[in-house]
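Read through the structure below, which is laid out as structure tokens, and then see the notes.
Every chain is numbered from 1, with letters handed out A, B, ... down the list of sequences.
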Amino acid sequence: MRLFKTQHKTMTDESLMQAISAGDKRAFDELYARYASPLLGYFMRMLWRDREKSEDFVHDLFAKIVHKPEYFDPTRSFKTWVYSVANNMCKNEYKKQEVRKGMSNGLDNHYTLYDKNSNVMNEVQDKFFQDAFQKSLYDLDDKHKEAFSLRHLEGLSIKEIAEVLDINEGTVKSRLFYATKYLAESLKEFNPVENR
Amino acid sequence: MEKELVDKIMDKKFMELTSSERENFSEWFSNEDEFDQLKNVFTEVERLKLTQTFSPRTETKKSLDELFAKQQEKIKPVFWYNSLLILIYPQDKPVFRRPLIQFAAVGIILLLTIPFLFKDKMLVTNDQIAQVENLEPKEKQNIESANKHTEATETMDKNEIAAERSDVAPFIDSRTVIDGLEEVHINSGSSGASVAADIPTFAFSSSITDSKHPDGIYVGTSTVAYSQAASAEPAIFDLLTAAF
């Protein structure tokens with residue numbers, strides 16, 4: 001019997017996964033608190049801002065953790081592992097939808113530029129720029145978009161992205177470079193910096 | 001390098017960059033317009049990170065909690081007695097908030113406190129030092145009469161006993177048993193007189209078992225005998241010592 005309370009908040013992600021394997025419910029709650037929101041944002045960006053689908057994907061991902069915690073290799077980083085699982089889920093969804101290839105200029109019917117539940121549109125003068133940015137982000141190719149999202153929006157390092165996408169670091173850097181240049185080029189007619 | 005690029009773009013204007021910095025980042029931007037475009041992108045990214053925070057629905061968490069509980073039931077089947085254990089020793093609560101631990105702590109505190117609560121009562125001592133035996137009136141009367149006889153005998157025979165002791169050690173002349181009492185005739189030397197029935201007789205009774213004195217010397221009449229210390233009767237003391 002432990003004499004002292006287990007501080008789940010100070011435990012690493014890998015330790016929490018081991019505790020979950022042992023049946024610790026509070027460890028699962030802590031892990032969910034850490035990764036549910038970031039994963040939902042990732043799915044929202046990768047799945048055309050489809051809220052319902054993104055919620056389902058979050059549920060399915062954590063259900064996998066509940067049912068098969070042994071799938072996680074404790075020697076690996078949990079963060080890279082969970083994002084690699086999320087990325088694979090998105091790829092499978094793309095294959096199902098088969099709508100990403102061949103799109104050059106327009107919005108797909110799955111596209112919803114506006115998240116009705118968000119409070120993004122606060123400043124009128126940046127409204128069009130923000131719309132254009134997000135459109136351009138979604139117009140990106142999948143591999144470039146996931147590299148850009150993981151790096152700048154999820155905060156993963158180059159090394160972690162390489163691990164998630166199962167590519168080398170040089171490839172990650174080149175994808176990031178291309179995505180950044182593409183976005184900058186597509187938004188060149190906007191200069192919100194000058195207006196601020 | 002990319003992080004350094006982002007930091008430089010966000011912190012500085014194009015004109016503030018040094019020539020070495022512009023050269024290092026030449027593949028990213030070559031003029032101020034490209035620099036500003038990159039700045040727009042990274043600024044919008046930062047804004048997205050701050051504003052686009054999504055929170056899952058509570059139903060999602062509830063569903064996952066149910067899944068977790070079912071999964072644990074499969075792994076560890078719950079028996080009926082586990083229900084009581086879960087009630088008094090829940091795993092999802094801190095140790096000090098589990099009822100079983102709290103009951104045990106209260107019990108330990110009570111065990112340690114009770115001796116101090118009743119300390120005053122425990123220390124109340126019995127003031128009685130000695131106990132006086134309350135004899136029955138009849139026994140008391142017999143003892144008093146026996147003591148009177150003993151005193152009279154001592155007074156009467158004191159000189160005789162002293163003289164006999166100096167001359168000849170008394171010895172048992174004869175023994176007779178009358179009414180269960182053994183009458184001892186003591187030959188006290190020149191006199192050789194036997195003990196009369198009306199004067200105190202030194203007798204040994206096997207029927208009287210409750211002697212109050214360790215010597216077990218009984219004095220009294222043939223029908224009534226009482227115990228007395230041997231030292232109170234020099235004659236019988238000498239007799240005993242002579243016999244043994």
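- Put simply, CG on A/Asp29 and CZ on B/Phe68 are 8.0 Å apart, with the number rounded to the nearest 0.5 Å.
- Side-chain contact check for A/Leu153 versus B/Glu46: every heavy-atom pair is 4.5 Å or farther apart.
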Problem set entry | side chain to side chain contact (heavy atoms under 4.5 Å, CB included) assessment of A/Leu137 paired with B/Glu44 | CA-CA 11 Å; A/Leu137 184 61; B/Glu44 183 60 21; over 6 Å; no
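- Side chains of A/Leu187 and B/Gln37 form no contact here, defined as non-hydrogen atoms less than 4.5 Å apart.
- Distance CG/B/Asp65 to CZ/A/Phe62: 11.5 Å, rounded to 0.5 Å.
- Using a 4.5 Å cut-off between heavy atoms, A/Leu39 makes no contact with chain B at all.
- Below 30°, between 30° and 60°, or above 60°: for B/Phe42 and A/His152 the angle between ring planes is between 30° and 60°, a tilted geometry.
- Here the CZ atom belonging to A/Phe177 is positioned 6.0 Å from the CH2 atom belonging to B/Trp28, to the nearest 0.5 angstrom.
- A salt bridge is defined here as a Lys NZ or Arg NE, NH1 or NH2 lying under 4.0 Å from an Asp or Glu carboxylate O, and A/Glu52 with B/Arg57 meets this definition.
- Within a 6.0 Å sphere centred on NZ of A/Lys181, other residues, nucleotides and ligands contribute more than 12 heavy atoms.
- In terms of non-hydrogen atom pairs under 4.5 Å with chain A, the most contact-rich of B/Leu38, B/Val41, B/Leu64, B/Thr60 is B/Leu64.
- Going from atom CD1 of B/Ile9 over to atom OG1 of A/Thr180 covers 9.0 Å, rounded to the nearest 0.5 Å.
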Exercise. Passes side chain to side chain contact (heavy atoms under 4.5 Å, CB included), A/Arg45 versus B/Leu48? Steps please.
Worked result: CA-CA 11 Å; A/Arg45 285 183 283 273; B/Leu48 278 176; 5.9 Å; no
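- Neither the backbone nor the side chain of B/Glu59 comes within less than 4.5 Å of any heavy atom of chain A.
- Across every non-hydrogen atom of B/Pro56 and A/Leu40, the tightest pair is N-CD2, 3.6 Å.
- The CZ atom of A/Phe133 sits 10.0 Å away from the CG atom of B/Asn40 when rounded to the nearest 0.5 Å.
- Distance CD/B/Gln71 to NZ/A/Lys25: 13.5 Å, rounded to 0.5 Å.
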